[in-house]
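As structure tokens, the structure follows; a few thoughts come after it.
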Amino acid sequence: MEREVLEISHLRKQYDGQTVIDDLSLTVHEGEVIVVIGPSGCGKSTLLRCVNALEDIQGGQIRLHGEPISQKSRNLQQLRQKVGMVFQNYELFPHMNVLDNILLAPVKAQKRARREVKEEAMALLGRVGLENRAESYPRQLSGGQKQRVAIVRALCMHPELLLFDEVTAALDPEMVREVLEVILDLADQGRTMLVVTHEMQFARAVADRIIFLDQGRICEEGPPETFFDAPKTERAEKFLKTFTFERKNKSKSGIRPGEEKL
Amino acid sequence: MPDLGLEVLWKGKNLIRLLGGLGIALRISLVSVLISIGLGTLLGMVRRKEKGLPKVIMRLYLEFIRIMPQLVLLFLVYFGTTRSFGWDLSGETAAVIVFSLWGTAEMSDLVRGALNSIPVHQYESAEALGLWEKQIYRYVILPQAVRRLLPPAINLVTRMIKTTSLVLMIGVVEVLKVAQQIIEANRMSSPNAAFGVYLAVFVIYFCACWPVSLAAKKLERRWR
């Protein structure tokens, strides 16, 4: 088995006494792509936010390469630099152009040479087809372009783990693909990723392992083929059914019974 | 053409005296504006985190300053302190005190509002990148807050410049007071002087405030 990157053990998260994540344990190995799915409110976004300590936790432990990460960690900033996160609403800094958005953290937080990071940033922008947008401001970009910039911004930190929090949920359908293809590409490069998504086709294609969350617990997990084609739990089966549609009363000719034309 | 009484302006040193009055007004507003921006920014940042008694005290201070007409505040500080505490404040000092109290109160409110208007996600995405808190404020939050702060802050500055015309009531000889003196002195020789002199006062105030608005507009456009 590959090296363990992330180890979540008995994680418990509560908001105002309400349990959002309940005794959840999960291990992510190097190069593994894990897709977390589940009904809304099941705690999947919260899980990601706990991993880089944007949320405080009420129990259990999260370890990144064996080092515990929480809001109390003394070297929290250094730990967060190893975890790249991409948000649903891009969250680029609106007052900076694309390049400055990408360079800010590597130059200021990691103290790397601006020239070196810039070269890397331009190469990565080229890979996602945005090399001529380096001087643009976020407001001049489409949603899909913004999200690709956000991904490059995360990559430039050289993270050991990438978190994607419903990154296509705010996008128009035709822009979803351009973002998902970038993520597929990253998976092929052997990146370690934890992905929360509602795109089932994509989940099936990108995942090494599917985690199905319900009410803050792992309800079912396994390889995507097994999960999507033959879910073991009733809850997962019911959830997957919400993505297929069927009309009950439809004849082959397109004419409903009792409505025949003369 | 009716006699606008403009010739009074060229008599003797009248125009120079008016401009001298403007100098006093601008000096009062400049000192007060600098104090207000400094203290107001600090106070605004502190006020985001305060609770309990300090919050109540700040609230009272703000409401008090906002409800009282500036003229009443001027009288209170200029005449009131002399009677009650025996302080011998000059009109100008009293004016600076009042305008600073007023400006600081309003500025702290503006700063607090600007900081609060930055979405929490901006903090989070900066945190997720591993930036330190100081860096988050310096590079992400403050630049955005300043851009939002600029229009209302400029508005406050021009209001402060305009309101200095009240200080003639506590014996400071500023633009309006000089204007009145000129009109009085020339009542016999040019009875229409009121129009010409007040017209000049209008132009003078306009020239003092317009560049401030212009500069603000330019900055806003550059930062858009």
Side-chain angles (χ1 to χ4, degrees), chain A residues 45 48-55 64 69 71 73 75-96 100-112 137-140 146 149-150 152-165 170, chain B residues 37 40-41 44-45 48-52 107 110-156 213-224:
Chain A
S45 282
L48 288 202
R49 292 167 57 82
C50 287
V51 170
N52 69 353
L54 285 177
E55 302 282 348
L64 192 67
I69 176 167
Q71 293 194 334
S73 304
N75 51 345
L76 180 59
Q77 279 76 19
Q78 280 93 341
L79 287 169
R80 277 175 172 161
Q81 285 165 20
K82 296 180 191 168
V83 183
M85 183 155 185
V86 184
F87 297 84
Q88 178 177 343
N89 290 311
Y90 339 119
E91 303 309 336
L92 298 176
F93 306 129
H95 60 296
M96 297 181 181
D100 288 336
N101 258 285
I102 299 170
L103 297 191
L104 179 67
V107 171
K108 300 298 179 193
Q110 290 182 323
K111 309 272 179 234
R112 280 154 62 194
Y137 281 83
R139 69 190 136 81
Q140 298 166 322
K146 278 188 242 189
V149 171
V152 170
R153 182 170 74 171
L155 287 177
C156 259
M157 298 293 288
H158 301 159
E160 292 159 28
L161 171 68
L162 282 168
L163 309 175
F164 292 94
D165 186 8
Chain B
I37 289 178
T41 306
M45 284 160 81
R48 298 182 69 214
K49 291 182 180 168
E50 73 188 0
K51 282 179 203 129
M107 191 69 192
L110 297 179
V111 169
R112 195 180 56 125
L115 285 173
N116 284 346
S117 73
I118 307 296
V120 66
H121 281 125
Q122 286 284 308
Y123 292 90
E124 285 181 350
S125 81
E127 277 176 28
L129 283 166
L131 290 163
W132 273 261
E133 193 174 350
K134 247 193 215 155
Q135 296 176 321
I136 295 176
Y137 271 94
R138 177 157 167 213
Y139 298 112
V140 179
I141 304 304
L142 287 180
Q144 294 186 59
V146 168
R147 284 163 170 75
R148 291 177 193 210
L149 187 60
L150 197 72
I154 292 301
N155 181 284
L156 176 64
S213 308
L214 268 189
K217 222 171 249 164
K218 210 166 180 183
L219 272 180
E220 258 182 82
R221 207 168 306 142
R222 215 180 69 191
W223 282 345
R224 201 173 60 91

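Throughout, protein chains are lettered first and strands after them, A, B, ... in sequence-line order, and every chain is numbered starting at 1.
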For this session: Just jot down the side-chain hydrogen bond (donor to acceptor under 3.5 Å, both in side chains) partners of Glu124(B), sequence neighbours excluded, or say none.
Result: Arg49(A)
Pairs of donor and acceptor atoms involving the side chains of residues 76-88 of chain A, under 3.5 Å and at least two apart or interchain, shall be tabulated with distances.
from	atom 1	to	atom 2	distance (Å)
Arg80(A)	NE	Asn52(A)	O	2.9
Arg80(A)	NH2	Ala53(A)	O	2.7
Gln81(A)	NE2	Gly130(B)	O	3.1

Exercise. Is it the side chain or the backbone of Gln122(B) that comes within 4.5 Å of chain A heavy atoms, both, or neither?
Worked result: both
Exercise. Who passes side-chain hydrogen bond (donor to acceptor under 3.5 Å, both in side chains) against Arg138(B), sequence neighbours left out?
Worked result: none
Exercise. Could you state the interatomic distance from CG (Leu149(B)) to CG (Leu142(B)), rounded to the nearest 0.5 Å?
Worked result: 10.0 Å
For this session: State, yes or no, whether a side-chain contact exists between Phe93(A) and Ser125(B) at a heavy-atom distance under 4.5 Å.
Result: yes
For this session: Take Leu104(A) and Val140(B) through the side-chain contact (heavy atoms from CB on, under 4.5 Å) test and state the conclusion after the steps.
Result: CA-CA 9 Å; Leu104(A) 179 67; Val140(B) 179; 3.8 Å; yes
Exercise. Under 4.5 Å, heavy atom to heavy atom, which residues of residues 154-165 of chain A contact chain B?
Worked result: Met157(A)
